[in-house]
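Since the structure is predicted, the reported quantities are computational estimates derived from the model, not experimental observations.
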Amino acid sequence: MGLRRVNTQIIQYVFRALYDSVDLEEAIRLILQIVGRQFDVSRVYIFENQPDGLHTDNTFEWCNDGIQPEMSRLQCVSYEVDAPGYIDNFNEKGIFFCPDVSRLEQRQRRLLEGQNIKSTVQCAFYDSGRLEGFIGFDECRRNRIWTGEQIDALSFVAKILGTFLIKERAKKKTEKQINGLKEILDNLPGWIYVVDADTYELLYLNRKTRETATSSRIGKYCYCEFMGLGQPCQSCPAREAVRRGEPAAMEIYNGFLNLWADAAGIPVIWEGKRAVLLSLQDITKYKRLQAYAPALSGKRRTDGPLPVAQDETMAIYASDQEEAERYGEFNSTGTVMAAALEIFRLQDTFAKAVQVLLAFLGRRYGLSRVSLYMNNSRDSVKNTIYQWVDNQTAQPISLSDSFRKEEFFICHGLYDQRGTMVLSRDRYDTYKENLRRVLEQSGALSVLFAGLYSDGRYIGQLALVNCSKARAWDEKERGELAEVAGLIASEAKTLEALDDANRRAEYYRDVDPLTGLFTYNMFKEQAQKALDQGVARRVLVASDIKGFKYINSAIGYTQGDNILRMFADMVVQSSGPEVINARANGDVFVTLGVYEDRADFQEKLLLSNENFARLQNQIYDGINIRVRSGVYFLDPDCREIDLAVDRANLARKSVDYILKSTVVLYKDAPFSIKLRENEMINRMEYALMHGEFQVYYQPKIYLKDGSVAGAEALVRWVREDGRVIPPDEFIPLFEKNGFITKIDLFVLGCVCRWLKEREERGEPLFKISVNLSGADVRDDQLVSYIAEQVEAFGISPEYLEFELTETAFLSDTEQIFSVLKRLQDMGFTTSIDDFGSGYSIMNMVAEIPTDIIKMDCAFVQNCGKTDRGREFLGQLVLLVRKMGFVALCEGIETQDHLNMVKKMGCELGQGYYFSRPVPRPEFEEWLKKQRFHPGEICDMIEVNHRGKQEG
């Protein structure tokens, strides 16, 4: 037992050292030393294979006293030349145990004896089945017999070290590649930057982007820096690239650069993160050729952003003389049809090709205007007209005035066999009223029309207009233009087919093609919307089929897919109207539903799982299907779908350890929570150092007029892999182990830094509250730490408030009173948080040196459910104010809540009705749309204190 305990301690030490380390290589050297001394070996070392797999290098080494180091001469050792067959020494577990090296093959023996090795244990580590290296434990003083338990312990240590080494080498390789890529991107002429695939945080900007957007920095958000928006762009190549999982391109207008750009987004892994590389190329000059404008405006646009049509019709104009002349010369000696074919071949969109073609036709035939009218086959209301005009005689026609739809069809009845017709001013008297109107309104002396047909449908019309002089169109020219009209119709049909394909792709982007359920991304989007409406009686279920990979191997992937489809059908059939289902990945399914009774819900889920498993086991021989489900009944404070899914998945993975059922509730998996606590403890220092802790802000509202009176700073833990660890998990843990003081001071530093930045930018300051825990105030140096932080940033104390929870007053009351009094004397505001959360301090409230009493969220909401509760809350608010405190009610989530607390005379409010806690960039954007009174809280405190003194 003693030896086993020592081995366990060694393994625990290795884990702790690796997880806690800032310098991995230094941690590995220390581990080799500890393991070497614990097992009393002569030498411990690591060999890492070169990329070719044929050579290996000694990269780490620890030697016991009196043992000669060998690492410097053991570089680029060849498996084939220096030690042929050496890899074969490792057994199926990756272990090579040799108690006597003299028994080895000659060249292998010579290699080891050259290092004075008598016996050795070497443990290989692999990456996806490929040998990446090994860790050796040598005895140079005597032959040694190792016990099985010792070898197992060393093998486990080797696997742990190998795993970390592989990740570290991969990380460094990626960094090297990234650095090389950065050098290339810095020298490219376009604007290039990289954003986080989930948050759109800037991860990299090339030289041209840095020089152009001088205020932009890594860590800021692209939509804020480049587009001036408070939320991600709706039309975004990065978003499209993430959704498709492949490169996406689109044309966008960038207001910051005042240009049109051809923007491409490419999904990449950037420094270990899912990211998108964006490249912008300036196409403004070309866009000015196209200058979009709504047809009803009748105006020509030559600069600025090109609007999306809001009216029934969209018109597209080209009026840049230089570009028109360039295309007018295009293929001037060839046939018109050859030129048209080449134009469609060269342009990447239908609209571009049409615009270039119209410019070409206008210059080729010396026209005043060329128009293309397209009748939308899907929407009889919305139609499109493309136009080119010269800059001398013609103005763009207005579809509403001179090209009515009935006239479009009248022309159709007058076409010749080629599908063309000509109107001329000298035959004006012979035309009907509608045709006369076409000539009058367009100011034309002659017009040639060519119809567009697709599968027998009349879909459009090409109009070639002369305003300066009448033109006689010969048969050859009419034939040429009829061919061009046919080409345009064919390209339009292709475009329509592509639109259909895109619509289908859009559908399959959001729907899993195998099961018909939502994809996981769409599930998160829809489920988050549902949670935003309220979490009452919501339940999250995560289910999978145990050992599904084996099932695929046993019965084939086709039958495996059938099982997944049937499971999806079972999930849908057992779902109600408010249920959202998705196939998350592989055989994992997630469901957000509602419940009436928890026990009844759990029983029905268990029965469904058992019935499905029984049916499948009857259908397929030789397999044993077992469905595992984790259930999380959402707590009132669970507002993020990622958190709910995380908890349900923890419960799902616990099924194998709780054998009494295939359905496990999140609360019934205590060992998972303990494991999670250990994980958080091991990671907390790293997380603080690497920016995983983030400060979110939630506004405090002056209820009298709805203006913003201040904000509360709240800490959130967002891991590098995107996982969100909820505050109710890590804050109680950190309060127990004392780490909370580092977190609270970190939050204070972030708040001071932001206030200083606002001051330097000339933006108004307002009071921000920072939370303190009972552990903080028990530290005699706390007030000094706070004073140093505030002084370092030069922030006035009037802009800071410190909140202490009601529960903190249940111990060390004297110390807490002293700290709060000292903070007040320094000019800071103090407040009691979560008042009414279940611990009564009414007997001491009158003496507490505080300014604000914050009514607990749950307390406010529970009081609002009954007349008696509302009466009690109203009297409490009145009492708080009479005692000279400012009353703030938390938990305001509905209009009814707001009306209730306003009626009671509560001065300040906070809750999801106004805003959820959000990151600083989002909060800053939110603030821009609000009215706020930064000094309002201070004024209320002064008034209430004066009233207390007068009373």
Flag side-chain contact, heavy atom, 4.5 Å: Val276 against Arg239: no
Results of ring pair (Phe, Tyr, Trp, His ring centres under 6.0 Å) for Phe739 - residues two or more places apart only: Phe734
Modelled atom types, side-chain donor and acceptor of Asp705 and Ser707, under 3.5 Å: yes
Lys529 vs Gln533 side-chain heavy atoms within contact, under 4.5 Å: no
Side-chain ion pair, Lys928 and Glu925, N-O less than 4.0 Å: yes
Check against ring pair (Phe, Tyr, Trp, His ring centres under 6.0 Å), Tyr200 and Tyr221: CA-CA 6 Å; Tyr200 305 105; Tyr221 297 90; 8.8 Å; no
Shortest non-hydrogen separation from Gln910 to Pro699 and the atoms involved: CG-O, 3.5 Å
Under 3.5 Å side-chain donor-acceptor pair for Glu924 and Trp754: yes
Worked check of side-chain hydrogen bond (donor to acceptor under 3.5 Å, both in side chains) between Gln528 and Asp532: CA-CA 6 Å; Gln528 187 61 60; Asp532 289 343; 3.1 Å; yes
Asp856 vs Val860 side-chain heavy atoms within contact, under 4.5 Å: no
Over all atoms of both residues, closest heavy-atom pair of Glu803 and Ser831: CG-OG, 2.9 Å
Closest non-hydrogen atom pair, Val195 against Ala238: CG2-CB, 4.2 Å
Side chains of Phe802 and Leu820 in contact at under 4.5 Å (non-hydrogen atoms): no
Salt bridge Glu893-Arg916, side-chain N to carboxylate O under 4.0 Å: no
Min side-chain heavy-atom separation Ile852-Ile832 under 4.5 Å: no
Lys524 and Asp642 ion-paired at < 4.0 Å: yes
Exercise: do Ser915 and Trp926 side chains pair donor with acceptor under 3.5 Å: no
Polar contact flag, side-chain donor to acceptor under 3.5 angstrom, Tyr913-Gln895: yes
Contact summary for Arg716 and Pro917, nearest pair of heavy atoms: NH2-CG, 3.6 Å
Side chain Lys756, main chain Ile795, donor-acceptor under 3.5 Å: no
Test side-chain hydrogen bond (donor to acceptor under 3.5 Å, both in side chains) applied to Lys821 and Thr830, step by step: CA-CA 9 Å; Lys821 184 64 170 65; Thr830 61; over 6 Å; no
Nearest atoms (heavy-atom pairs only) where Ala887 meets Arg881: CB-CG, 4.2 Å
Contact check, side chains of Phe859 and Leu876, non-hydrogen atoms, under 4.5 Å: yes
Over all atoms of both residues, closest heavy-atom pair of Arg758 and Leu927: NH1-CD1, 4.2 Å
Check: Val819 and Glu814 side chains under 4.5 Å, non-hydrogen atoms: no
Expected output: side-chain Arg537 to main-chain Val594 donor-acceptor under 3.5 Å: no
Min side-chain heavy-atom separation Ile892-Phe914 under 4.5 Å: yes
Ring pair (Phe, Tyr, Trp, His ring centres under 6.0 Å) between Phe633 and Tyr595, intermediate numbers included: CA-CA 9 Å; Phe633 295 105; Tyr595 67 92; 4.8 Å; yes
Donor-acceptor pair between Asn771 and Glu712 side chains, under 3.5 angstrom: yes
Aromatic plane relationship, Phe923 with Tyr697 - under 30° parallel, 30 to 60° tilted, over 60° perpendicular: parallel
Residues Glu890 and Lys854 bridged, charged N to O under 4.0 Å: yes
